[in-house]
Amino acid sequence: MEEVQGKLRPSPGDYLVPIPKEQDKGITALLKKASDFLFPRHLVCHCCDREAVVNEYGICSECEKELELAPNIGLIEYVDGHASGLLYRGAAANAIKSFKYDGQLYKKEMFIPFMQIPAEWAFDYVISVPLHPKRERSRGYNQSEVLASAVAARYGLKSSREFLSRKRDTPKQALMNTDERSKNLKDAFSASPDVKGRGFLLIDDVYTTGATLSECARTLKKQGAVRVYALTACSAANVN
């Protein structure tokens, strides 16, 4: 990642992953095509949602000034290494919220270039922090899976949903502290026996306390995974 005249730029070789076209049918497809023609996404900022000239990862010059690279984070229990793209505040926080809760999945475009994998990490599969099936059905997607698929495509890596699942639908954690989150997530995940002897890159949207990443890694290693790294789109601003 480079900083050029006060602006963040992905390093040479970074590129954006094309957004897969949804297979819509009938009138829905016609309406979508008409909307895309009249209001093309490349003319709307992914952060502030205003019409503007945007850069190569979909944001206007004003929002670009707000972006900050995430700081280095200390050790997360059971996780062999962690990296994060942007600091979770301002424009980045607004974009993550609409990506996560409002179905604006195209906004992954602005995060993927910043989600860089350290060269020394060695693993076999890219996986995501799973949602409970009930919550994923309600939301219609798993935002972490969307990011994981895009990261895998960008780097030409294998990805799978088969190795890690969520067996318990835990309460939302936004207002919980670290200890409460750890208790809330205890034994919430299940890992396939097929993880034995393999290494994994675990993808999530936001790092806050590390409790979710830690419990996922613990679950994987309990079943024999040899390494678990974690990569998140953003890190919370209150991380020390």
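Residues: numbered from 1 along the sequence shown.
- Put simply, L201 and Y155 are part of the same group of oily side chains (I, L, V, M, F, W, Y) that touch within less than 4.5 Å, one to the next.
- Residues S84 and S235 have side chains that bring a donor and an acceptor to within less than 3.5 angstrom of each other.
- Figure legend: cation-pi geometry between K158 and Y125, with NZ or CZ positioned under 6.0 Å from the six-membered ring centre and within 45° of its axis.
- Counting heavy atoms from C-beta outward, C48 and N94 have side chains that stay 4.5 Å or more apart.
- A salt bridge links D80 with K221: the closest approach of a Lys/Arg side-chain nitrogen to an acidic carboxylate oxygen falls below 4.0 angstrom.
- With salt bridges taken as basic N to acidic carboxylate O contacts below 4.0 Å, one links K107 and D49.
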Open item on the list: Using side chain to side chain contact (heavy atoms under 4.5 Å, CB included), reason through L220 and I127 one step at a time and then give a plain yes or no.
Closed with: CA-CA 11 Å; L220 289 163; I127 61 175; 3.8 Å; yes

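- Closest non-hydrogen pair, Q116 versus P118, comes out as O-CD, 3.5 Å.
- Heavy atoms from other residues, nucleotides or ligands lying under 6.0 Å from NZ of K167 number more than 12.
- Side-chain contact check for I117 versus L157: some heavy-atom pair is nearer than 4.5 Å.
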Task: Chi angles and distances behind the side chain to side chain contact (heavy atoms under 4.5 Å, CB included) call for H46, V54 - done: CA-CA 9 Å; H46 289 356; V54 298; over 6 Å; no

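- No more than 12 heavy atoms of other residues, nucleotides or ligands sit less than 6.0 Å from atom CD of E162.
- Counting only heavy atoms from C-beta outward, the side chains of F200 and R227 never approach each other to under 4.5 Å.
- Heavy-atom minimum distance, V79 versus A217: CG2-CB, 3.8 Å.
- When hydrophobic clusters are built by joining Ile, Leu, Val, Met, Phe, Trp and Tyr residues whose side-chain heavy atoms come closer than 4.5 Å, directly or via intermediates, L75 is not grouped with V228.
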TODO: Given salt bridge (Lys or Arg N to Asp or Glu O under 4.0 Å), test E66 with R89 step by step and report yes or no.
DONE: CA-CA 9 Å; E66 294 185 30; R89 65 182 176 196; over 6 Å; no

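- The CD1 atom of I76 sits 11.0 Å away from the SG atom of C216 when rounded to the nearest 0.5 Å.
- The aromatic rings of W121 and Y229 lie parallel to each other, with less than 30° between the two planes, well short of the 60° mark.
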Task: Worked verdict on Y78 versus T219 for side chain to side chain contact (heavy atoms under 4.5 Å, CB included) - done: CA-CA 9 Å; Y78 302 110; T219 302; over 6 Å; no

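- Counting all heavy atoms, side chain and backbone alike, C234 lies closest to F111 at SG-CE2, 3.7 Å.
- Residues L67 and I59 form a side-chain contact, since some pair of their non-hydrogen atoms from C-beta on lies under 4.5 Å apart.
- Residues M115 and L86 form no side-chain contact, since every pair of their non-hydrogen atoms from C-beta on lies 4.5 Å or further apart.
- By the 4.0 Å N-to-carboxylate-O rule, D187 lies close enough to R218 to be salt-bridged with it.
- For the atom pair OG of S128 and CG of L202, the computed distance is 7.5 Å after rounding to the nearest 0.5 Å.
- In this structure, NZ in K65 is found 5.5 Å from OG in S61, a value given to the nearest 0.5 Å.
- Contact record, E215 with L185: CG-O, 3.3 Å, taken as the closest heavy-atom pair.
- For the residue pair S149 and E145, a side-chain donor N or O sits within less than 3.5 Å of a side-chain acceptor on the partner.
- No salt bridge links R50 with E62; every basic N to acidic carboxylate O contact stays at or beyond 4.0 Å.
- Of the inter-residue distances, the one linking T212 atom OG1 with F189 atom CZ reads 5.5 Å to the nearest 0.5 angstrom.
- A side-chain donor-acceptor contact under 3.5 Å links S144 and D204.
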TODO: Quick one: do R198 and V226 satisfy side chain to side chain contact (heavy atoms under 4.5 Å, CB included)? Show the steps, please.
DONE: CA-CA 6 Å; R198 288 172 164 158; V226 292; 5.6 Å; no

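- Using a 4.5 Å cut-off on side-chain heavy atoms (C-beta onward), Q223 and F163 make no contact.
- With respect to E136 and R161, a salt bridge is recorded, a charged nitrogen being found less than 4.0 Å from a carboxylate O.
- Between L131 and R139 the shortest side-chain heavy-atom distance falls below 4.5 Å.
- Taking every heavy atom of both residues into account, L164 and P130 meet most closely at CD2-CD, 3.7 Å.
- The nearest pair of heavy atoms linking A233 to I96 is CB-CD1, 4.1 Å.
- Q143 is listed as a side-chain neighbour of F99, based on a closest heavy-atom distance under 4.5 Å.
- To the nearest 0.5 angstrom, D205 atom CG is 8.5 Å from T232 atom OG1.
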